[in-house]
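Below is one structure, written out as structure tokens, with a few remarks after it.
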Amino acid sequence: MKSQAAFIALTLVSSVTAFWRMPCRSQTGKARIDPIIDPGEISGHVHTIHGGGGFGFDATYETLTAQDSCTSCEVTQDHSAYWTPTLHFLYTNGTAVMVEQVGGMLAYYLYYLTNVTAFPKGFQMVAGNPNLRDFTGPFPDVQLSDWPTVPTDQFFLQQRALGFNCLNYAKDPEPSLYRHVFPTQEYMDANCLDGLRLELAFPSCGNGDVTSPDGKSHVAYPSLVKEGNCPEGYDTHYPFMFFETIWNTYAFAGDDGQFVLSMGDPTGCGYHGDFMMGWESKEFLQQALDTCTNESGEISDCDLFTIQSDAVGAECTFDMPDVLADDNVEGPRTGLPVGVPIQYGPDNATAYAVAGRSGVATSSVSESSAPSTWSDRPTVSYTAANPSVTSTALGGIIVDVATGHRTSVTSSSTLSTSSSSITAAPSSDSAADSPDIVTTSYITQGNEVIEMAIVEVEVTVTATPTAAAKHRRHLQKHLHHAGRR
Ligand SMILES: *[C@@H]1O[C@H](CO)[C@@H](O)[C@H](O)[C@H]1NC(C)=O
Ligand SMILES: *[C@@H]1O[C@H](CO)[C@@H](O)[C@H](O)[C@H]1NC(C)=O
Ligand SMILES: *[C@@H]1O[C@H](CO)[C@@H](O)[C@H](O)[C@H]1NC(C)=O
Ligand SMILES: *[C@@H]1O[C@H](CO)[C@@H](O)[C@H](O)[C@H]1NC(C)=O
């Protein structure tokens, strides 16, 4: 056994001024609630919800930031609500179970545009389209330099704002936003031994309004999804928000069935997410954007933030409405919760009756069978790709292979096993000087939850490129036994 340090990837961090990652390790709940799309009524599908405990059918800035409200995120000044659909495994016999979500959610606040302004009170937005079932673009994406510089085709950008990252910590990591549809189950069984990371990039250009009827039209993607030019009329620059959730898909390896997002999407193309601003104030968030500029991205490196433990965050849950009490979202249950039909595409999904809404029986399950072409979907080989071409977000990892060069280092460092300090810096005695954790991931191995910390190590660039010498860093993985279940 050589060492615990697995592989190194190179990254470019020069394009982003600063950022932080908001860890929200626990859900406030999993329920058919979506106060942006379906205010006041039962949502069409289940979401996994993080952040402010003042969440519910009628959540607003006021309910999220009310005096006695809580948050499941680590920064107590952030009561924002962050939600995405849940992932389920549907056995061929019709039984559905929710896939285990590992490590909660990371919500990245990154600054790529200039003059970034804080989300105002009442701001909310949706990214993605739950009805999409088809991705028609090439795989991998064409080079960013060939993308249109004028972002008039928001549909093009929206489809590329989704990522399904096949996790295999023993191999080089895939870049963020690399693949925009689910890998096939055969592919996941063979390659994604540590699960699947669902990634979602939000639009960061705005027209100045805090919301819009569809939750979307007041915001737009810049020309390269995370950066580039904003469309005309969208001159307000917000932080670039990026969600990551990890799902233990490998627990179903070899099982007969398929993965389906809660809105009946077996393709992944309909993945989406919502954000409702719940920071203490716009001014506070602006101050954080202006001053929390440490490249580590660690919330602990921002003096403004008051940090609470994950144990305290885990106590924060919203009040489950009585009408959802019998949903049994986790399963095992017959079909998706509740009665959501599977729609395979490639046509857009169509509306279905939402169980529990007035006049709709809770047992109206209409299953559709898999098309015979299901197994003919194109598979992609596992490759650590060329992110300088394909990656459009500084998510967990960006690999820069523009250098065409990979290095691996050895390190015998082990992280301390204090379960209360899961984001603690590694006690590294390797040659690496002052490594900073860039991101952490959680995986389940047997009975143990393992935190994988990606640390940043300064390295000397020997071959200096012409003009502006780029600031390159190494990423290095460490394993951390974060706790037992
Ligand atoms: C369907 O198969 C799964 C996995 O084998 C099993 O756990 C579940 O009980 C089965 N459901 C029914 C209704 O037989
Ligand atoms: C920065 O953004 C704010 C708010 O959108 C705007 O009022 C201001 O004019 C912008 N400043 C510059 C220099 O673009
Ligand atoms: C930035 O973060 C690093 C690593 O966490 C820390 O050592 C350093 O003191 C921070 N710098 C500032 C200016 O806060
Ligand atoms: C699905 O809906 C989107 C947005 O309304 C539209 O742009 C797209 O063309 C539709 N796709 C299909 C296959 O109909």
Checklist line | Side-chain donor/acceptor of Glu199 to backbone N/O of Leu177, under 3.5 Å | finding: yes
Please tabulate, for side-chain N and O atoms in residues 114-129, each donor-acceptor pair with protein atoms closer than 3.5 Å (sequence neighbours left out).
unit_1, atom_1, unit_2, atom_2, d
Gln124, NE2, Thr211, OG1, 3.1
Asn129, OD1, Asn131, N, 2.8

Notebook entry, point to check: Taking only residues two or more places apart in sequence, or in another chain, which ones meet Thr245 in a side chain to side chain donor-acceptor pair (under 3.5 Å)?
Noted result: Trp247
Next item on the list: Measure the acute angle between the ring planes of Phe243 and Phe202, then classify it against the limits of 30° and 60° as parallel, tilted or perpendicular.
Entry: tilted
Notebook entry, point to check: Is it the case that His79 and Ser69 place a side-chain donor and acceptor less than 3.5 Å from each other?
Noted result: yes
Checklist line | Aromatic ring proximity Phe156/Trp147, centre distance under 6.0 Å | finding: yes
Notebook entry, point to check: Between Gln158 and Leu132, which heavy-atom pair has the shortest distance, and what is it?
Noted result: NE2-CD1, 3.6 Å
Checklist line | Test ring pair (Phe, Tyr, Trp, His ring centres under 6.0 Å) applied to His88 - qualifying residues, sequence neighbours left out | finding: none
Next item on the list: Could you verify whether a donor N or O on one side chain and an acceptor N or O on the other, from Glu298 and Asn294, lie under 3.5 Å apart?
Entry: no
Check: Where do Cys269 and Leu162 come nearest, in terms of heavy atoms and distance?
Finding: O-CD1, 3.4 Å
Margin query: Could you tell me if Gln258 and Gln185 have a donor-acceptor pair between their side chains, going purely by distance under 3.5 Å?
Written below: no
Margin query: Can you list everything that forms a ring pair (Phe, Tyr, Trp, His ring centres under 6.0 Å) with His272? Sequence neighbours excluded, please.
Written below: His45, His47
Item checked: Test of ring centre spacing under 6.0 Å for Tyr250 and Phe252 -> no
Check: Considering residues, nucleotides and ligands other than Asn328, do more than 12 of their heavy atoms fall under 6.0 Å from its CG?
Finding: yes
Item checked: Residues which pass side-chain contact (heavy atoms from CB on, under 4.5 Å) with Thr152, listed by chain and number, not counting sequence neighbours -> Val150
Next item on the list: Verify whether the ring centers belonging to Phe275 and Trp83 lie closer than 6.0 Å.
Entry: no
Margin query: Looking at Asp38 and Arg357, is there a salt bridge between them, counting it only when a charged N and a carboxylate O are closer than 4.0 Å?
Written below: yes
Next item on the list: Go through the structure and list residues passing ring pair (Phe, Tyr, Trp, His ring centres under 6.0 Å) with Phe284, not counting sequence neighbours.
Entry: none
Margin query: Does Lys226 qualify as a cation-pi partner of Phe240, given the criterion of NZ or CZ under 6.0 Å from the six-membered ring centre and within 45 degrees of its axis?
Written below: no
